[in-house]
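Model, not experiment: these values are computed from the prediction.
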Amino acid sequence: MTQETNPLPATPLPAPNFLTAALPHIGAWTHYFLSADIPILASTAQALETLRANEDDVDANQLTSVIQVDPLMTLKLLSRMASLRRPGSNTETESITTSLVLMGISPFFRHFGPQATIEEWLVNEPEARQGLQQLLTRAERAGQFALGFAVHRADTDATIIHQAAFLHDFAEMLLWLHAPALMVKIRDAQAADATLRSNVVQKEVLGVEISDLRQALMKLWHLPELLVNISDERHAEQGSVKCVVLGVRVARHSANGWDNAALPDDYADIAALLNASVRVVPSFLHKIDHPILEAATLGDHTETPQPTAPAPL
């Protein structure tokens with residue numbers, strides 16, 4: 001094992017000091033997130049503490065069922081695993097379960113102590129909670145759509161495709177956690193002008209495009225190569241990337257119903273990807289729009305769970 005170089009934070013830190021102005025460039029943003037705390041869902045934190053109390057009886061599958069519904073905990077695990085990986089070792093097919101098997105249950109619990117929770121972090125930021133909840137729901141639907149496309153195509157990387165779509169918006173989630181006022185400004189600008197392109201307003205408010213920040217952070221944290229490539233729209237000619245991109249697009253465009261004017265273009269692209277008739281695409285999407293996981297839901301403000309008082313799953 002190599003010495004850890006760029007780990008994500010593993011222990012709760014003091015109350016957040018939110019960013020209220022854009023950082024000067026993408027390097028400054030990535031440097032900021034190197035030391036930024038990343039809270040997770042309270043339900044995830046509570047479930048991990050319950051399992052910690054029975055650590056000797058816990059296996060990788062039990063931990064996977066807890067972690068896989070939380071994109072931020074998934075991100076922290078994959079980054080931690082990357083820090084333990086030998087240079088040049090194969091990273092293409094790493095999943096949550098294989099990461100846990102390679103890491104070991106006891107080392108996982110030793111590294112990931114009681115976690116700061118999103119509910120506590122954003123207790124005084126209702127607009128950020130709402131924005132983040134919308135992203136969490138969208139992430140689950142995007143993952144399910146992408147998985148449906150991959151299964152239809154008999155893609156051998158279906159699990160990683162699902163994971164890539166599920167994690168696609170993690171940088172935007174981090175920004176809601178650390179720069180809520182800036183994200184509200186972006187949201188309000190787009191609500192006021194439906195023709196305003198996302199990348200334009202992001203550059204104006206943040207100084208960077210969120211997609212560029214996502215790719216920079218994935219590379220900085222040495223996430224699995226296939227996950228990075230699948231999440232990079234610059235590889236859009238690849239079928240696996242199209243599964244992710246279209247899964248994310250449909251989840252975004254149908255977030256408030258199936259009458260969005262952008263959906264017909266999505267249907268046409270999906271039909272081309274799946275070698276199917278455009279006519280059957282809407283019914284196919286409705287059929288698979290039933291998440292295999294329970295979409296993550298932000299609960300009421302709770303205290304950070306302690307090992308001595310585990311909460312039930």
Side-chain angles (χ1 to χ4, degrees), residues 71 127-153 161-162 164-173 175-176 182-206 208-215 230-292 295-296:
E127 288 185 286
R129 284 171 58 97
Q130 180 185 39
L132 189 54
Q133 179 62 73
Q134 291 172 346
L135 277 179
L136 291 168
T137 301
R138 195 169 82 197
E140 177 51 45
R141 295 183 71 233
Q144 184 65 3
F145 287 134
L147 178 63
F149 303 156
V151 169
H152 184 87
R153 288 165 38 86
I161 288 170
H162 173 269
F166 184 57
L167 293 179
H168 185 272
D169 291 328
F170 81 84
E172 190 171 347
M173 295 177 191
L175 288 165
W176 275 112
L182 300 180
M183 294 303 290
V184 167
K185 188 174 181 180
I186 291 173
R187 182 203 64 191
D188 290 348
Q190 291 186 290
D193 182 0
T195 66
L196 187 60
R197 293 180 63 85
S198 297
N199 61 334
V200 173
V201 68
Q202 289 166 11
K203 286 279 286 185
E204 181 180 332
V205 175
L206 301 172
V208 298
E209 293 182 32
I210 294 177
S211 61
D212 291 339
L213 178 59
R214 179 184 71 242
Q215 287 302 120
I230 286 176
S231 301
D232 189 349
E233 296 182 17
R234 287 171 291 189
H235 297 283
E237 73 284 354
Q238 300 175 11
S240 57
V241 177
K242 289 180 180 178
C243 288
V244 174
V245 171
L246 291 173
V248 171
R249 270 172 49 184
V250 171
R252 182 173 69 248
H253 292 155
S254 65
N256 297 314
W258 290 94
D259 55 355
N260 188 297
L263 282 168
D265 288 339
D266 296 339
Y267 297 159
D269 290 340
I270 292 166
L273 174 67
L274 303 183
N275 193 26
S277 167
V278 174
R279 180 177 54 83
V280 303
V281 169
S283 60
F284 175 71
L285 292 173
H286 291 307
K287 183 178 180 180
I288 63 175
D289 191 16
H290 300 286
I292 55 174

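The aromatic rings of W258 and Y267 lie parallel to each other, their planes meeting at an angle below 30°, with 60° marking the opposite boundary.
Although no hydrogens or angles enter the test, the distance criterion places a donor-acceptor pair under 3.5 Å between the side chain of S283 and the main chain of V280.
We find the CG-CG distance between N199 and D212 to be 9.5 Å, quoted to the nearest 0.5 Å. Atom CD of Q202 and atom CG of L182 lie 12.0 Å apart (nearest 0.5 Å). Taking CD1 of I270 as the start and CZ of F284 as the end, the distance is 8.5 Å to the nearest 0.5 Å. Rounding to the nearest 0.5 angstrom, the gap separating the CZ atom in R252 from the CZ atom in R141 is 12.0 Å. Atom CG of D169 is separated from atom CZ of R138 by 4.5 Å, given to the nearest 0.5 angstrom.
Residues V184 and W176 meet the side-chain proximity criterion, which asks for heavy atoms closer than 4.5 Å. Residues Q130 and R187 have side chains in contact (heavy-atom distance under 4.5 Å, counting atoms from C-beta outward). Residues R249 and D269 have side chains in contact (heavy-atom distance under 4.5 Å, counting atoms from C-beta outward). Between Q144 and D289, the closest side-chain pair of non-hydrogen atoms is not below 4.5 Å. Annotation: side chain of E172 is in contact with side chain of M183 (closest heavy-atom distance under 4.5 Å). You'll find the side chain of M173 reaches within 4.5 Å of the side chain of L136, heavy atoms only. Inter-residue side-chain proximity for F145 and L285 is flagged as met; some heavy-atom pair is nearer than 4.5 Å.
Between A164 and V244, the shortest heavy-atom distance links the atoms CB-CG2, 3.9 Å. Taking all atoms of both residues into account, the shortest heavy-atom contact from A165 to V248 is O-CG2, 4.3 Å. Nearest heavy-atom pair across G143 and H162 is O-CD2, 3.0 Å. The two residues G239 and R153 make their nearest non-hydrogen contact at CA-NH2, 3.4 Å. Taking every heavy atom of both residues into account, I288 and G148 meet most closely at CD1-CA, 4.0 Å. Closest approach of A171 to I210, counting heavy atoms only: CB-CG2, 4.0 Å.
The number of heavy atoms from other shown groups lying within 6.0 Å of CG (D193) is above 12.
Under the side chain to side chain contact (heavy atoms under 4.5 Å, CB included) criterion, V200 pairs with L196, R197, sequence neighbours left out.
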key: Test log, rule side chain to side chain contact (heavy atoms under 4.5 Å, CB included), inputs C243 and L273   = CA-CA 8 Å; C243 288; L273 174 67; 4.1 Å; yes

